[in-house]
Amino acid sequence: MTRRGDVREDELERLLSPGHVVVSLSPDVAKKPQAQLTFSFAVNLLARLYPVVQRLDVVLPLGSPLVASLPRWPGSNLADHVRTLLQALRPDVEWAVTELVAATPTCHLVIGTSDPAGPTVFLGADGWEARLSSERWMVTGEKVNPVGAYAAACLGVAEVWKRLVHPHTSLFKGVPVVPLEGTLTFSTFSYRVRTGEPNPDLPPTVAIGSLTIVGAGAGGGAAAFTLASLHKLTAAIKAVDPDEINEPNLNRYVFADDDDARARRRKTDLVKELLEARFVGVTVDSVPLAYDKTRAQLSRSDYEYVLAAVHSRTARRQLQFETPKVLWDGAAGEDGEFRIWRMVLGVTECMHCKQPDTNEDPELAKAHQLDELLGLGTDVWFLKVRDNDAFSQEEAARLAERIQQSALDLKVPLAAQRFSDWEAENCGRLKLSEGDDEIPIPFAPVMAGVLLAGEIIKEHSFPEAVLDSYYWNTLMGRFLTRTPPARRSPKTDCSFCHDADYLAQYERRWGARSTR
Ligand SMILES: [Zn+2]
């Protein structure tokens, strides 16, 4: 029986049983910071994968000292850190922290040189490089970099996930689930899948100047968590997001735990605490508002470097009006794809090229449909869809009446309940004919966030190596080995990025445009 007692989850649990995963860290690498980062993040991700993962055995030398710079869940040693994390997360997954592999699992994720037990995925990391194999042990090096370590964890956990769901691929209509066979090395520095790519050391202190993070969800939160895992960081960050941590989203929020959900902590407050607790040289301005309601209090300098990890297309387009010097975006799809963009106005495609404002705007279409079904007016629903506005007492009362009168199979929203929470409760019942809703698998948006943290670091420390201008790959199908980043040029018919006034505004604010 699951904690939530959801009927569909119980069925899924039976179907996917036993879902037993072992993640192990061998003694020969247990004291390497890079191995610890990879291991901690793999545990963090795996524990959130219920009901695919139902039992998680975390195996490591129990006395290993904690040597990695981890932003949360401190412990007197590495095992204690893992226990602290899992206790605070309270996952539906049954878990144990032990020294030995007790039984053959459904899948085994090995960091280091543990003996394989059952189908095994081997993981290693060194600096910017992630190493993955179905065949042999992978080396973890001495270069410490959370971007490479966390990307390795995402790749390794995705391989475990694929092996667990592979017998049940009918659950994923038409989407191929293809476990890796063989060995691959992925550079988070160049996005090339091959060995011998540049793998420079991080500077002793990573300085990223000012950064505005709009949207602190799965991707934005993972980016913040990755930056918070650096050895030393200086930054002036603004974090903008109106939402609180809540239980249904915990599987996607690697930076949050169940205590945060119970306290309904604001996401931006959590990002602030994560970063400010770790670094004296970092300030985070927590702005718990929707982007549209924040605009008046953002200054020109807040738009120099912007990470748009926001769900809303409208907010993305609004951000573009401020012509950021560099605008990063990330996304993930229900088919396990992750995508990242680095946009420079007039040089690469812009948010308006990418998501044109047409009559077909999915958020507006959704608002129309909700209004037809439930009343309240399109404008009201649009704000809820775009900004995740909460229901007022009066709206909740009117909806209760409507739902009862029309005998709709819908849960009545509570006063002060966020739109996304209400929508999640009605999942599978709220039938909308259109819209661009996605149900990403958690490690895909997290991967996008981790890589974007890498881009933010490169922007200041390795400007010659920044993304130009788009990269994507998949964590569910076969990981593509021959798709390098590609330049996405402005669309010829885009009314925004060819607009002389906006191009002049860009140059006035930031000087000449260049991608690198
Ligand atoms: Zn454009």
Side-chain angles (χ1 to χ4, degrees), residues 191 211-215 219-220 223 240 290-292 294-295 298 300-333 337-366 382 385-387 434-436 438 445 448-449 451-452 455-456 458-459 463 466-473 483-516:
Y191 308 107
L211 173 68
T212 301
I213 301 175
V214 184
V240 178
Y291 172 65
D292 190 51
T294 314
R295 292 162 84 180
L298 293 182
R300 177 172 299 189
S301 64
D302 293 324
Y303 288 106
E304 188 171 8
Y305 296 103
V306 179
L307 171 54
V310 66
H311 185 67
S312 162
R313 289 160 176 255
T314 314
R316 284 184 165 109
R317 281 193 299 266
Q318 284 177 340
L319 271 167
Q320 185 72 79
F321 284 120
E322 300 297 332
T323 62
K325 183 175 175 187
V326 176
L327 180 55
W328 293 283
D329 190 9
E337 290 177 2
F338 61 89
R339 299 162 191 280
I340 55 171
W341 290 262
R342 178 180 179 276
M343 298 183 190
V344 173
L345 187 69
V347 176
T348 71
E349 73 172 355
C350 78
M351 287 292 191
H352 296 254
C353 296
K354 184 156 101 68
Q355 291 172 334
D357 187 9
T358 64
N359 298 332
E360 317 264 291
D361 186 324
E363 283 166 13
L364 200 55
K366 191 169 180 176
F382 180 68
V385 172
R386 190 190 68 185
D387 298 346
E434 282 177 39
D436 67 337
E438 298 172 330
L451 297 180
L452 286 169
E455 283 303 317
I456 292 161
K458 280 165 25 181
E459 190 73 36
V466 295
L467 178 66
D468 177 23
S469 56
Y470 171 72
Y471 179 72
W472 77 281
N473 212 322
T483 41
R487 165 72 70 86
R488 290 214 159 173
S489 299
K491 287 194 177 147
T492 48
D493 61 346
C494 176
S495 60
F496 185 81
C497 62
H498 300 289
D499 185 296
D501 291 342
Y502 283 111
L503 291 170
Q505 174 179 295
Y506 185 102
E507 282 182 22
R508 201 166 57 242
R509 289 185 178 180
W510 319 118
R513 301 181 305 269
S514 70
T515 54
R516 290 193 175 182

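Whatever order the structure lists ligands and atoms in, that order sets their numbers, starting from 1.
Aromatic ring pairs are classed by plane angle as parallel below 30°, tilted from 30° to 60° and perpendicular above 60°; the pair Tyr471 and Tyr191 is parallel.
Around the Zn ion (ligand 1), the protein N, O or S atoms closer than 2.8 Å are Cys350 SG, Cys353 SG, Cys494 SG, Cys497 SG, listed by chain and residue number.
Every side-chain contact (heavy atoms from CB on, under 4.5 Å) that Asp499 has, sequence neighbours left out, goes to Asp501, Tyr502. Contacts of Ala309 classified as side-chain contact (heavy atoms from CB on, under 4.5 Å), with partners at least two apart in sequence or in another chain: Leu307. With sequence neighbours excluded, the residues forming a salt bridge (charged side-chain N to carboxylate O under 4.0 Å, His left out) with Arg295 are Asp292, listed by chain and number.
Arg487 and Tyr470 are not linked by any side-chain donor-acceptor pair at a separation below 3.5 angstrom, with hydrogens and angles left out of the test.
To the nearest 0.5 Å, the span separating SG on Cys353 from CG on Leu345 amounts to 8.5 Å.
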